[in-house]
Structures are given as C-alpha cells and as structure tokens.
S.K.: 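My questions all concern the structure below.
Per chain, numbering begins at 1; letters A, B, ... match sequence-line order. Please read all numbers here as calculations on a predicted model, not as lab measurements.
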Protein chains: 2
Amino acid sequence: MLKLSTKGQYGVRAMFEIARGYPESPVTIKEISERQDVSVAYLEQILNKLRRAGLIRSVKGPGGGYLLTKDPGGVNIASILKELEGPVAITSCLDPEEGCARVEGCVTHLLWRSLGAKIEAFLETITLRDLLEKEPLLKDLDTDHKRYRFGVA
Amino acid sequence: MLKLSTKGQYGVRAMFEIARGYPESPVTIKEISERQDVSVAYLEQILNKLRRAGLIRSVKGPGGGYLLTKDPGGVNIASILKELEGPVAITSCLDPEEGCARVEGCVTHLLWRSLGAKIEAFLETITLRDLLEKEPLLKDLDTDHKRYRFGVA
DNA sequence: AAAATACCTTACTAATTTTGTCAAGTATTA
DNA sequence: TAATACTTGACAAAATTAGTAAGGTATTTT
Ligand code: FES
Ligand code: FES
C-alpha cells in the first residue's frame with residue numbers, strides 16, 4: 001500500500017549522486033547508472049524532468065554531466081518526488097486536476113487530506129544534505145539506530 | 001504520488017457504513033452501495049476480504065447484512081487498509097515478500113522505512129469511532145477546522 | 001415447501017499505469 | 001573532426017487496477 005514508483009525512487013538516488021559532486025564536479029549519467037544500478041536510458045528520462053524543473057543543470061560535452069542548482073541542504077525530498085510523480089494525493093479526490101463531487105459530506109476526505117499533509121511535511125524536512133551526512137554512518141551498520149535522524153525507533 | 005487504490009478507499013467508506021449499524025443492525029451490501037456509490041459486485045469482493053480478516057461478520061438471509069465484530073473505537077484505519085492493500089511498503093525493498101540486496105549501504109532505505117512507519121502510526125490512531133463522531137460535524141461545513149481532530153491546520 | 005432475501009466464490013477482462021527501451025538528434029570540448 | 005555527453009519523442013511489454021459476470025449457498029418468511 002502507498003507505493004512509490006521506481007521513477008521517484010531512482011530520482012532521489014540519482015539526486016544523491018549528483019549532490020556528491022556539488023558544487024563543482026558534474027556527475028555523468030553513466031556514473032549514476034553504475035553506482036545506482038539503473039539504466040542510462042531510464043535515467044535520461046528522469047533527469048530531464050528534474051532539469052526542466054530547475055533542480056539540476058547540465059553541462060554538455062566531455063567533462064560534462066549534471067550539477068545541483070542549489071546547496072544540497074536546500075533540496076528536500078518532497079520537491080524531487082513532486083516533479084517525478086506529481087503532488088501527494090492519497091485519493092484522486094485530492095488531486096488538483098481531478099476533484100470529486102462528494103467532497104462535502106464525505107467522512108474520509110479530511111482523513112486523506114490530513115495524511116497527505118503529514119507525508120508532505122515530513123518529506124519537506126529531509127534534504128539531500130541529510131542523505132550525504134548519513135552516508136558515512138551507514139558503514140557503521142544498523143547497530144546504533146539512535147544516531148540516525150530519521151530512524152524508526 | 002502515494003495513491004491509495006479504490007479498493008482501500010471504498011473499503012474504509014464501507015466500514016464506516018457498517019459501523020453506523022453497530023452493534024445490532026446489520027447493514028446490507030445494497031445499502032452501502034447506494035450510500036457510498038460503489039457497485040454491489042465490487043463491494044462483495046471487498047467485504048469478503050474484510051470478513052475473512054475478522055473485521056466484520058455476516059448475517060445471511062432476509063434482515064441480514066454485515067456487522068462489526070468489535071466496537072468502532074477498536075477498529076483503526078490501518079487495519080482495514082492492510083487487509084485490502086497489504087502492508088505499508090513505500091518501496092518494494094521494504095515489502096516483507098520482496099526485499100532488496102542493496103539494503104545495506106543504501107542511503108534512502110532508512111528514509112522510506114521511516115516514512116512508512118510514520119504513515120502507519122498515524123493511520124493506527126484513527127478509528128471508525130472518529131469517523132462516526134466526525135459525521136455530524138461535517139454539516140457545519142468547512143468553517144471551523146480546529147474542531148476536527150485530524151484537520152490539516 | 002417454496003419464494004424471497006442476502007451473502008459467497010471464482011473467473012475473467014478492459015483500462016490504466018508503470019517501467020522501461022530505442023533511435024536519432026544537439027551541443028561542447030580536445 | 002572525433003569523441004563525449006546531454007536531449008527528445010515515440011513506442012511497447014509487463015504489471016496493476018478496477019471492476020463485471022455468473023452461479024452458488026444459507027436463512028427467513030409465508
Ligand atoms: S469520495 Fe471523493 S471526497 Fe470522499
Ligand atoms: S535500493 Fe533497495 S534498499 Fe535501497
């Protein structure tokens with residue numbers, strides 16, 4: 001239930017790789033492909049969307065690749081996912097493009113809206129910087145959950 | 001992004017209708033169908049799952065229908081959705097049935113797990129009783145958000 | 001008994017969405 | 001001018017969703 005598509009997942013992971021090159025080293029699609037195990041052709045599609053959204057910019061030619069347009073701390077996960085999967089909309093009733101005639105008098109409408117707002121708020125607090133900082137900690141394995149800012153415990 | 005299937009949505013709305021009959025008045029599929037605008041055939045599929053899960057029980061024959069097996073306050077939304085859509089699993093890496101070889105060393109894994117845990121915790125706090133109590137308030141329209149326990153504000 | 005009510009079960013399918021691939025381009029640098 | 005690397009749009013297989021359809025079982029009322 002409530003799955004994220006691979007596009008969204010790969011997108012975040014690709015953004016993480018690009019963030020590692022910030023601010024001066026463009027990261028090529030090929031590098032991302034190898035490190036994150038996603039095909040070059042699929043990444044092209046994903047990165048194009050993110051570039052048009054202004055989250056990254058591209059440098060063509062040899063030595064080129066992709067660069068973040070802002071500091072990793074200024075790029076939150078929600079903004080990445082929104083470009084690739086549209087707004088958080090638990091039900092189509094919530095989708096700005098769709099709507100629903102039953103909204104008034106619907107007992108569940110506020111529930112879904114509230115859940116969506118919570119999800120969005122959470123994803124907005126996590127940035128690429130958080131992922132970058134977490135990376136070295138990952139080598140310490142899963143033994144010390146408290147050190148993770150967004151651990152489950 | 002993060003959509004709920006119609007099965008889950010209809011399921012919660014159906015459970016709300018059944019809860020209205022608690023503890024003594026069985027609610028028929030036809031009534032649910034008319035009040036919530038979902039086909040009888042589709043509801044049969046949904047209610048069958050919920051019955052097998054033990055959330056509701058059925059009374060056959062004239063005067064029959066469906067009844068909650070517990071107090072509305074004891075039935076949370078997460079338990080309904082889990083039966084109809086499986087566990088919260090933002091990514092397939094999190095799905096108990098699937099798994100992922102990259103888990104260790106994956107910077108996003110904990111992020112998705114944490115999000116999933118938050119969603120689940122939220123849905124576990126909302127029960128059918130909350131929906132029943134909310135119903136009369138809905139007639140006051142959307143003017144007084146603070147009165148709703150799970151308003152967005 | 002039999003008619004009416006209402007749930008039960010399985011199978012099937014049309015539509016949609018997801019998850020990509022492919023081919024042919026454009027821009028930049030060495 | 002050759003090599004590198006991004007750009008774009010079309011296309012398609014696979015999976016999932018969102019149902020429908022048909023026939024069966026159990027219970028109550030007359
Ligand atoms: S059915 Fe659309 S708002 Fe509830
Ligand atoms: S890719 Fe599966 S855990 Fe990150």
S.K.: Kindly say if N48(A) contacts the phosphate of dT8(D), meaning a side-chain N or O under 4.0 Å from OP1 or OP2.
M.R.: yes
S.K.: What is the distance, to the nearest angstrom, from the CD1 atom on I29(A) to the C1' atom on dT7(D)?
M.R.: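 The distance from CD1 of I29(A) to C1' of dT7(D) comes to 9 Å, rounded to the nearest Å.
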S.K.: Could you give the NZ-to-P distance, from K49(B) to dA18(D), as a whole number of Å?
M.R.: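 Rounding to the nearest Å, NZ of K49(B) and P of dA18(D) are 12 Å apart.
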S.K.: Answer yes when E124(A) and K82(A) have at least one side-chain N-carboxylate O distance shorter than 4.0 Å, and no when they do not.
M.R.: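 Yes, charged N to carboxylate O under 4.0 Å.
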S.K.: Nearest nucleotide by nearest heavy atom, which residue falls closer to the 5' end of DNA chain C, V59(A) or A41(A)?
M.R.: A41(A)
S.K.: For the side chain to side chain contact (heavy atoms under 4.5 Å, CB included) test, which of I90(B), T91(B), L2(B), D95(B) pairs with K3(A)?
M.R.: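 Of I90(B), T91(B), L2(B), D95(B), side chain to side chain contact (heavy atoms under 4.5 Å, CB included) with K3(A) is met by D95(B) alone.
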S.K.: Tell me, with the steps shown, if E83(A) and K49(A) meet salt bridge (charged side-chain N to carboxylate O under 4.0 Å, His left out).
M.R.: CA-CA 7 Å; E83(A) 297 304 332; K49(A) 280 196 171 184; over 6 Å; no
S.K.: Ignoring hydrogens and angles, answer whether the base of dT21(C) and the side-chain atoms of Q45(A) contain a donor-acceptor pair closer than 3.5 Å.
M.R.: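 Present.
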S.K.: If I take atom CD1 in residue I46(A) and atom C1' in nucleotide dT8(D), what distance separates them, rounded to the nearest angstrom?
M.R.: 15 Å
S.K.: Please check if any side-chain donor atom of Y10(B) sits under 3.5 Å from a side-chain acceptor atom of S5(B), or the reverse.
M.R.: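 No.
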S.K.: Quick one: Y66(B) OH to dA26(D) C1', roughly how many Å, whole number?
M.R.: 12 Å
S.K.: Taking OH from Y42(B) and P from dA14(C), how many angstroms apart are they, rounded to a whole number?
M.R.: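 Distance check: Y42(B) OH to dA14(C) P gives 17 Å.
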S.K.: What is the distance, rounded to the nearest whole Å, between atom CG of L2(A) and atom P of dT18(C)?
M.R.: 13 Å
S.K.: As an exercise, state the distance from CD1 of I32(B) to CD of E17(B), rounded to the nearest 0.5 Å.
M.R.: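 Atom-to-atom, I32(B):CD1 and E17(B):CD are 7.0 Å apart.
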S.K.: Would you classify R52(B) as touching base, sugar-phosphate or nothing, given that sugar-phosphate means primed atoms plus P, OP1 and OP2, and contacts are heavy atoms under 4.0 Å?
M.R.: sugar-phosphate
S.K.: Would you give the length of the straight line joining atom CG of D71(A) to atom CZ of R129(A), rounded to the nearest 0.5 angstrom?
M.R.: 4.5 Å
S.K.: Does L47(A) reach a base, just sugar-phosphate, or nothing at all? Heavy atoms under 4.0 Å.
M.R.: nothing
S.K.: How close or far is atom P of dT8(D) from atom CG of L43(A), stated in whole angstroms?
M.R.: 16 Å
S.K.: Would you say dC6(D) has OP1 or OP2 under 4.0 Å from some side-chain N or O of T28(A)?
M.R.: no
S.K.: Side chain of E44(B), base of dC8(C): donor and acceptor closer than 3.5 Å?
M.R.: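 Flag set: donor-acceptor pair detected.
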S.K.: Does K3(A) or G63(A) map to a spot on DNA chain D nearer the 5' end, using the closest nucleotide for each?
M.R.: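 Going by which nucleotide is closer to the 5' end, it is G63(A).
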S.K.: Quick one: which of dC8(C), dT19(C), dT28(C) gets closest to the side chain of T6(A)?
M.R.: dT19(C)
S.K.: In whole angstroms, how far is the P atom of dG24(D) from the NZ atom of K60(B)?
M.R.: 14 Å
S.K.: Taking 4.0 Å as the cut-off, does a side-chain nitrogen or oxygen of R51(B) come that near to OP1 or OP2 on dC8(C)?
M.R.: yes
S.K.: By nearest atom, which of the nucleotides dT25(D), dA4(C), dT21(C) is closest to the S39(A) side chain?
M.R.: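 Output: dT21(C).
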S.K.: What nucleic acid atoms does K30(A) come within less than 4.0 Å of, heavy atoms only: base, sugar-phosphate, or nothing?
M.R.: nothing
S.K.: Give the nucleotide from the list dT18(C), dT4(D), dC6(D) with an atom nearest to the side chain of S5(A).
M.R.: dT18(C)
